[in-house]
Amino acid sequence: MPITLSDQDKSTLRTAAYGAVSLMAAATGSPHQAATNATIALTSATGLVGHVLTAKAKDIELKGRTVAELADRVLPALTAAMKLLGEQAPAEAGNFRSTILLAVEAAQTHPDRPSTTTAAMARKITAALDAEVAAGQDRLELRKAIEEIVESGFVGVSLRVHDERGEWAGSAGAAELGGATKPPINGHIRIGSNTKTFTATLVLQLVAEGRIELDTPAADYLPEFGLNERITVRMLLQHTSGLFNFSGEVYDDGTVVLGIPVPYSTTGKEWLDNRLKTYRPQELVELALSRPARFEPGTGWSYSNTNYVLARLLIEKVTGRPVAEEMRRLILEPLGLSGTVVPDASPEIPEPHAHAYYRYEEQTIDVTRQNPSWISSGGDMISTTQDLHTFISALMGGRLLPAPLLAEMCTPHPTGIPNMDYGLGVFVLTTDGGGTVISHNGAAVGHAALMYSTPDGSKTLTAALNCVDDADLAIATAFRNAQQRLVNEVFCDGRAEHL
């Protein structure tokens, strides 16, 4: 059905969009450059939003106002714009939101190192865009769930659900320990092992391009490591290679064998003191290969970050480009994932974001800035709940992989964990009612992210959590319970089923 907007509606959209540009320009030290960059982002919009924003408008009167006056007018206009588009065309509401956030990012000369002023303005604009989503159709059961998760020990949580009732997003708790401000509903979060799903998808896209074969020995592509010739690319993605986990192993008899210094062991203090240290992926692999394998290739299952660092190196070897460039080419740009970052060794995280903490002895340290190269493609990426939803729904909906490869990705391989098998970069979960959910969750130090979807991508749950971590993983039980609670609410109609 064609969408008709009144002149007043169009004026609201333009005022909101170009007002956001003016706010960001006023907050930077280079207002002309900021306004130019952001305006280019606005005029590159597509669809109905693009048509409205590129039209010459005489109804925008923003010049000469103070920042406070601008904010009083523009922030409510952003919320109003999201409301009117949400009522008439939800897809255009998402388009408008993405366009504004791209403009906000473009206005920042150094988006990875924003000033306090620009970061604060970006948070206000994001909050205004998300206000209507949170308030529009409140779902008390979801709000109660995230409030109870905070009560269980988390500092804050943001949740986004897409299902037959539409979209719901909300947050509870605090963005900073001891603070009163809630986490941003669509803030950036270190997504930990959700990175593996992105990496596996990228490998499978290269399989689709004919550049990689799943059942070819990984050593054929990476001869420099002397890998066991029986380890195939499929085994890397499936965690059936048997390779030692460079971040440490816990064996069935309880024996612990340490790898590099990590935050979750007796090396916690060493990790904390060196959290800005850079590791190269090659040295992580070399450390793993210096230790005995857990089992012969293909004869067992064991979760190992080493597999996915090798997958990264494989991608870079066959393409001749950094994994970040390939990720942008095949996934981030086609899906418009403007909030997703492959940071490599950068400790920065874009605004807005909730803070991450680590407790050692009696001290609690803000570790939001940390160098993720210690985990590399095992879990280094940054994203948002909106981008994770867009990614997993597109993946499961067949927009990223040919049907045969998507089927292989989701084919369950036994892990030894009840009701939880593993495909190629995804967990395949079975509920007590016999339903199937495709998932991958992840934890970074002080941050965690959840990503769940039905096999067709029609229903998704994505969440971002911030907490106080420690070497003893004291938050682990609360994390498992949080996953279970949210899955029950969204995929099991609130029933207390166990995965």
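For this chain, numbers begin at 1 and follow the sequence in order.
The closest side-chain donor-acceptor pair between S193 and Y308, if any, does not fall under 3.5 angstrom. Of the N and O atoms on the side chains of E92 and N95, at least one donor lies less than 3.5 Å from an acceptor on the other residue. At a cut-off of 3.5 Å, with distance as the only test, no side-chain donor of E348 or S346 sits close to an acceptor on the other residue. The closest side-chain donor-acceptor pair between T477 and R480 falls under 3.5 angstrom. Side chains of D387 and T340: a donor-acceptor N/O pair is present below 3.5 angstrom, by distance only. Side chain to side chain, H413 and D421 fail the donor-acceptor criterion of an N or O pair below 3.5 Å. If you check the side chains of Y264 and D469, you find a donor sitting under 3.5 Å from an acceptor.
Looking only at distances, a side-chain donor or acceptor of R275 sits under 3.5 Å from a matching main-chain atom of L272. Under the 3.5 Å distance criterion, the side-chain polar atoms of N194 are matched with a main-chain donor or acceptor of A449. Formation of a donor-acceptor pair under 3.5 Å by the T232 side chain with backbone atoms of P217 is not found in this model. T195 places a side-chain N or O within donor-acceptor distance of the main-chain N or O of M381, the cut-off being under 3.5 Å. Checked by atom type and distance alone, the side chain of N245 pairs as donor or acceptor with a backbone atom of N305 at under 3.5 Å. The backbone N or O of V257 lies less than 3.5 Å from no partner atom in the side chain of E249, so there is not a single donor-acceptor pair. The backbone N or O of K277 lies less than 3.5 Å from a partner atom in the side chain of N371, making a donor-acceptor pair. Looking only at distances, no side-chain donor or acceptor of S376 sits under 3.5 Å from a matching main-chain atom of S373. At distances below 3.5 Å, not a single donor-acceptor pair connects side-chain atoms of H355 with backbone N or O atoms of A175. Of the possible polar contacts, one joining the H447 side chain to the R190 backbone as a donor-acceptor pair under 3.5 Å is found.
For the pair P350 and I382, the minimum side-chain heavy-atom distance is below 4.5 Å. Within the 4.5 Å cutoff, the side chain of T197 has heavy atoms near those of the L395 side chain. Contact of the Q370 side chain with the V445 side chain is registered, since non-hydrogen atoms from C-beta on lie closer than 4.5 Å. Under the 4.5 Å side-chain criterion, counting only non-hydrogen atoms from C-beta, F154 is in contact with S152. Inter-residue side-chain proximity for L335 and L400 is flagged as met; some heavy-atom pair is nearer than 4.5 Å. In this structure, V233 and D215 have side chains that are not in contact, with every pair of non-hydrogen atoms separated by 4.5 Å or more. Contact of the L227 side chain with the L310 side chain is registered, since non-hydrogen atoms from C-beta on lie closer than 4.5 Å. When side chains are defined from C-beta on, I331 counts as touching Q205, because their heavy atoms get closer than 4.5 Å.
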All N/O donor-acceptor pairs, side-chain side in residues 218-226, below 3.5 Å, sequence neighbours left out:
{"residue": "Y221", "atom": "OH", "partner": "E213", "partner atom": "N", "Å": "2.9"}
{"residue": "E224", "atom": "OE1", "partner": "K317", "partner atom": "NZ", "Å": "3.2"}
{"residue": "E224", "atom": "OE2", "partner": "K317", "partner atom": "NZ", "Å": "3.4"}

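For H440 and Y452, the ring centers sit 6.0 Å or farther from each other. Taking the six-membered ring wherever Trp is involved, the centroid distance between the rings of W301 and F295 does not fall below 6.0 Å.
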Practice problem: Evaluate side chain to side chain contact (heavy atoms under 4.5 Å, CB included) for I260 paired with W271, printing each intermediate quantity in order. | Solution: CA-CA 9 Å; I260 62 166; W271 175 86; over 6 Å; no
Exercise. Decide yes or no on side chain to side chain contact (heavy atoms under 4.5 Å, CB included) for L204 and L214, but give the supporting numbers first.
Key: CA-CA 8 Å; L204 292 172; L214 278 175; 3.9 Å; yes
Practice problem: Using the salt bridge (charged side-chain N to carboxylate O under 4.0 Å, His left out) rule, take E296 and R230 through it: C-alpha gap first, then chi angles, then the decisive distance, then the call. | Solution: CA-CA 9 Å; E296 291 297 309; R230 289 177 290 165; 2.2 Å; yes
Quiz item: When you look at N307 and H239, which way does the side chain to side chain donor-acceptor pair (under 3.5 Å) test go after all the steps?
Solution: CA-CA 7 Å; N307 291 317; H239 291 303; 3.0 Å; yes
Exercise. Could you please spell out the steps behind the side chain to side chain contact (heavy atoms under 4.5 Å, CB included) verdict for I185 and T126?
Key: CA-CA 8 Å; I185 289 177; T126 303; over 6 Å; no
Practice problem: Step by step, work out the salt bridge (charged side-chain N to carboxylate O under 4.0 Å, His left out) result for R234 and E408. | Solution: CA-CA 10 Å; R234 184 188 302 274; E408 290 204 59; 2.7 Å; yes
Practice problem: Step by step, work out the side chain to side chain contact (heavy atoms under 4.5 Å, CB included) result for I191 and F198. | Solution: CA-CA 11 Å; I191 65 172; F198 282 86; 3.9 Å; yes
Self-check item: R329 vs E326, salt bridge (charged side-chain N to carboxylate O under 4.0 Å, His left out): CA-CA, chis, key distance, verdict
Solution: CA-CA 5 Å; R329 177 177 77 90; E326 283 300 288; 2.8 Å; yes
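Ring planes of H162 and H389: parallel class, angle under 30° (limits at 30 and 60°). Relative orientation of the Y422 and F427 rings is perpendicular, given thresholds of 30° and 60° on the angle between their planes.
The cationic atom of R294 (NZ for Lys, CZ for Arg) does not lie both less than 6.0 Å from the six-membered ring centre of F244 and within 45° of the ring axis.
The shortest heavy-atom contact between G423 and V428 is N-CG2, 4.3 Å. Shown here for S44 and A41, the closest heavy-atom pair between the two residues is OG-O, 2.7 Å. Shown here for L424 and A200, the closest heavy-atom pair between the two residues is O-CB, 3.5 Å. Considering all non-hydrogen atoms of both residues, F246 and L284 come closest at CB-O, 3.5 Å. When every heavy atom of I231 is checked against every heavy atom of P297, the shortest pair comes out as CG1-CG, 3.6 Å. Scanning both residues, G268 and Y358, for their nearest heavy atoms gives CA-OH, 3.4 Å.
To the nearest 0.5 Å, the span separating CZ on R312 from OG on S377 amounts to 5.0 Å. From T199, atom OG1 reaches atom CG of L314 across 11.0 Å, with rounding to the nearest 0.5 Å. Atom CG of residue N186 and atom CZ of residue R97 lie 4.0 Å apart, to the nearest 0.5 angstrom. One finds the OG1 atom of T460 at 8.5 Å from the CG atom of D163 (value rounded to the nearest 0.5 Å). In this structure, L159 CG and S171 OG are separated by 10.0 Å, a value rounded to the nearest 0.5 Å. We find the CD1-CE distance between I392 and M451 to be 4.5 Å, quoted to the nearest 0.5 Å.
Each of E489, E164, E167 was compared with K459 under the salt bridge (charged side-chain N to carboxylate O under 4.0 Å, His left out) criterion, and only E164 meets it.
Counting heavy atoms of neighbouring residues, nucleotides and ligands inside a 6.0 Å radius, atom CG of D252 does not exceed 12 of them.
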